[in-house]
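One structure below.
Letters go in sequence order (proteins before strands), and every chain restarts at 1. All of these numbers come straight from a predicted model, not from anything done at the bench.
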Amino acid sequence: MMENPWISGLVYSAVLVTVLMTAIAWISWFERKVAGRMQSRLGPTLVGPFGLFQPLADALKALQKEGIVPKDADPFLYRFAPPLTMALALGTAAVIPFTPHFLGSDLDIGVLYALALSGMMAFPIWIASWASNNKYALIGGMRMVAQGISYEIPMVLAALVPVVLSGSLSLGDIVEYQHVNGWFVLWPPGVGLGAFMLFFTTALAEGNRIPFDIPEAESELVAGPTTEYTAINWTIFAASEYGHSVITSALASTLFLGGWSGPWLPPLAWMVIKTSVLFVTITWIRWSLLRLRSDQLMALCWKYLVPFALMLLLVAGIWTHVRP
Amino acid sequence: MLEQVAFFVVAVVMLLAAFRVVTATNLVHTVLWLGVTLGGTAVAFILLEAHFLAAIQIILYTGGVLTLMLFGVMLTQRQQGVTTVGNPSHHLPAGFVLAAAVFAMLAGAIFRTPLPNAVAQGSNTRALGVAFLTEHVLAFEALSLLLLGAVLGAIVIARRRDAGDESEIAGPAIPARRKLEIGGSR
Amino acid sequence: MGLIGYLLLAAGLFSLGVFGLVTRKNAVGVMVAVELMANAVNLNLVAFSRFHGGNTGQVFALFSIAITVAEVVVGLALVILLFRARGDVTLDLASELKE
C-alpha cells in the first residue's frame, strides 16, 4: 500500500505537518524558557509542569481574541497572507531527509526547491504589510524585502558549496555523500566550516532573527509588517517564523552537518539532535546580541558576505579537482 | 489522464491571472497577479519535465523580478500611497484588435505546422549543466557579461547625484518631493 | 493534450501581453506586460524542448530568463529616472507634442 505514491505522499505529509506544527508550538515554550533563564528569571512555570502547557494556553487565548481588520485594508490580500506564509514555511520540509527511508520527495533539485521556497517567504509578509494600509507596516515590509533578497544571494552561494563538493543537487545524495566521506563542516577543512557559518548567518537574516530583525524592531516599528494583525492571524505569522527557523536549522544540518549520519545512535535521533542544537544556537544568539542597523546590515551583506561566499565557492570548486 | 487534468487547471489559472494582470486598476494587484502567472509557468515547466528550470523560474522571477516590479511601483507613485493609477483605459479598441490579430496569427501558424511528439525522457539536470559548459559555453560567458553590464548600468543610471542624500539602500520607498507640473520636463 | 495545448497557452499569454503593452498608461504596467510576453516565449521554448527531445530548448529558455531579468533591471532603472525627471510615469503619447 505504501508503494502507491498517492498514499505514501499523503501519509508522509500528514506525519510531517503534524510533527512540525507540534514542534513549532512547543518551540515557543522553549524560547520563553531559554529567554527567561538567560535573563536570570524562570520563564513560564504556572501552566502545567515546568509551564509545558503554556502553548495550549496561548492558543486558547489567541482563538478567543477579537479579530480586528483595519478599515481600508485590502480584503483578500489581508486574509490571504498568513496561510501563504505558513504554507511556504512547511513546504520546505518535504525535501529534507529525516532518515534514510523517510524522505518526503527526493527531488533531483532538492536544494534549489528548498532555497526557492525559503527565499519566497519575504513575499507574503510584504503582501501582509502592504495590505494592512499602515505606513509603519509598509516600512517594515520594504525593509524585510530588501533584507530578504539581499541575503538570499550569499545563502544560495553558501548552499552551493555542498552541492559542488558532492556533485548533486539532491539532498538525499548530499547526505549519502557525507555519510561516506565525513561531514562537510569538518572536511574539507576551512571551506566547509566557512560555508556553514555563512549559511547559518544568512539563514538568521532570512528568518528575521536577531541580529537581523530590523523589520520587526519592536523599539522602532511596533511590530513591523504584521502590526495590524490580531489574534489568530498573528499567531500564524509567529508560527511560520518559528517554522522557518526550524526548517532552516534542519536544512543547515542536512547540508553541512551530515543530516542523519552519525556513529551509533539511530538516524532520526541524530537529525533531531543536530536540528535542536542549531535551533538552540539561534535562540541563544537572539537573547545575547544587539540588533544591526539597516545600513550596517546591507553593508555586511554586500561588502563582506557576498565576496566571502564567492571565494568559498571558488575554493570548493578547486578542491573538487585536486582532492586526494 | 492526470497530466491532462493538471495541464488544464494550470492553463485556466494562468490565462485568468494574465487577464487580471492586464486589466487590474491597482498596480500592486497587477504585479501580484503577474506573480501568480509566473508561478503557473513554473508548474507548467514541471509538467514539461524541466525541473531545474521550474526552480530557477521561482527563484529568479517570483523571488527577484517581482520584487523589482514592486519596488518600481512603490518608488514611482505620483501621490503617496495611491497605486491606483494603472487603469488601462488608453487605446482600448486598438488593444483588442491587435491582441486578437496576434493570437489569430500565432494560432494559424500553430495549426498549420506538423508538430513533433516525442516521448518524455524525465528531467536531467546533469545533462543541462554539461550542455551549458560544453556546447553553449560561449553564450554562457556572454550572458555573465550581460548581467554584469545590466547591474552596473542600473546602478549608474539610478544613482542619486544630489548632495546630502545618503544611500537609499534600505529606506522606505518615499519618492523625492519635487514640485513639477505633470507632463513638463526639467 | 500534447504540444498544441502548450503552444496555444503560450500564444494566449503572448496576446494578453500585447494587449497590456498597448493599453497600459503607467510605465511599470507596460514593463509587467513585457514580462508576460517574455514568459510566454519561455513556455514555448520549453514545450518544444520536451516534445522534440534534447535539451536545447531548455538551455535557450534559461538564457532567455536571464536576459529578461537583465532587461527588467535596466528598464526599471530608466523608469525611476523618468519619474525623477517628470514626477510621474504616465505615458501620455500626445503630451510631449503639445508643447
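- The distance from atom OG1 of B:T76 to atom CG of C:N26, rounded to the nearest 0.5 Å, is 5.5 Å.
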Steps toward side chain to side chain contact (heavy atoms under 4.5 Å, CB included) verdict (B:F52, C:L62)
CA-CA 10 Å; B:F52 181 71; C:L62 208 56; 3.8 Å; yes
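- Proximity to chain B is absent for every atom of C:L82, based on heavy atoms less than 4.5 angstrom apart.
- Distance check: C:L3 CG to B:L48 CG gives 9.0 Å after rounding to the nearest 0.5 Å.
- The number of heavy-atom neighbours closer than 6.0 Å to CG of B:L138, taken from other residues, nucleotides and ligands shown, is 12 or below.
- Considering all non-hydrogen atoms of both residues, B:A150 and C:A70 come closest at CB-CB, 3.6 Å.
- At a 4.5 Å heavy-atom cutoff, the contact between B:I56 and chain C is made by side-chain atoms alone.
- Here the side chain of C:R50 pairs no donor or acceptor atom with the backbone of B:F45 at under 3.5 angstrom.
- The contact between B:L15 and chain C is made by backbone and side chain atoms together, counting heavy-atom distances below 4.5 Å.
- Residues B:F19 and C:F19 keep their aromatic ring centres 6.0 Å or farther apart.
- Side-chain atoms of B:T30 and C:R24, non-hydrogen and from C-beta on, do get closer than 4.5 Å to each other.
- Side-chain contact between C:L36 and B:V22: present, with at least one pair of heavy atoms (C-beta onward) separated by less than 4.5 Å.
- Proximity to chain C is limited to the side chain of B:A131, based on heavy atoms less than 4.5 angstrom apart.
- C:E35 and B:M69 get closest at one heavy-atom pair: CG-CE, 3.7 Å.
- Both the backbone and the side chain of C:L16 come within less than 4.5 Å of a heavy atom of chain B.
- Atom OH in B:Y61 sits 4.0 Å away from atom OG1 in C:T68 (nearest 0.5 Å).
- By number of non-hydrogen pairs under 4.5 angstrom with chain B, the leading residue of C:V73, C:V74, C:V32, C:V28 is C:V32.
- Contacts with chain B were tallied for C:L78, C:V79, C:L9; C:L9 has the most, counting heavy-atom pairs under 4.5 Å.
- For B:F96, the parts sitting under 4.5 Å from any heavy atom of chain C are the backbone and the side chain alike.
- Ranking C:I80, C:L43, C:T56, C:V69 against chain B, the residue ahead of the rest is C:L43, based on heavy-atom pairs under 4.5 Å.
- For C:F14, the part lying near chain B is the side chain, with the backbone staying farther off; criterion is any non-hydrogen pair under 4.5 Å.
- Counting heavy-atom pairs closer than 4.5 Å to chain B, the top-ranked of the candidates C:M31, C:E71, C:H52 is C:H52.
- Counting only heavy atoms from C-beta outward, the side chains of B:L47 and C:Y6 approach each other to under 4.5 Å.
- Listed options C:L21, C:N42, C:L13, C:V59 were ranked by heavy-atom pairs under 4.5 angstrom with chain B; first place goes to C:V59.
- With chain B as partner, the option from C:L7, C:I67, C:N39, C:L8 having the largest number of non-hydrogen pairs under 4.5 angstrom is C:N39.
- Heavy-atom pairs under 4.5 Å with chain C were tallied for B:L147, B:V151, B:V156, B:V21; the largest tally goes to B:V21.
- Between C:V46 and B:A50 the shortest heavy-atom distance is CG1-CB, 3.8 Å.
- With a threshold of 4.5 angstrom between heavy atoms, B:F132 approaches chain C through side-chain atoms but not through N, CA, C or O.
- Of the residues considered (B:V102, B:L38, B:L146, B:L143), B:L143 shows the highest number of contacts with chain C, using heavy-atom pairs under 4.5 Å.
- The choice from B:A44, B:A139, B:G72 that makes the most heavy-atom pairs within less than 4.5 Å of chain C is B:A139.
- How far CG of C:N55 is from NE2 of B:H136: 7.0 Å, rounded to the nearest 0.5 Å.
- With a threshold of 4.5 angstrom between heavy atoms, B:L68 approaches chain C through its backbone and through its side chain.
- Only the side chain of C:L81 has a heavy atom closer than 4.5 Å to any heavy atom of chain B.
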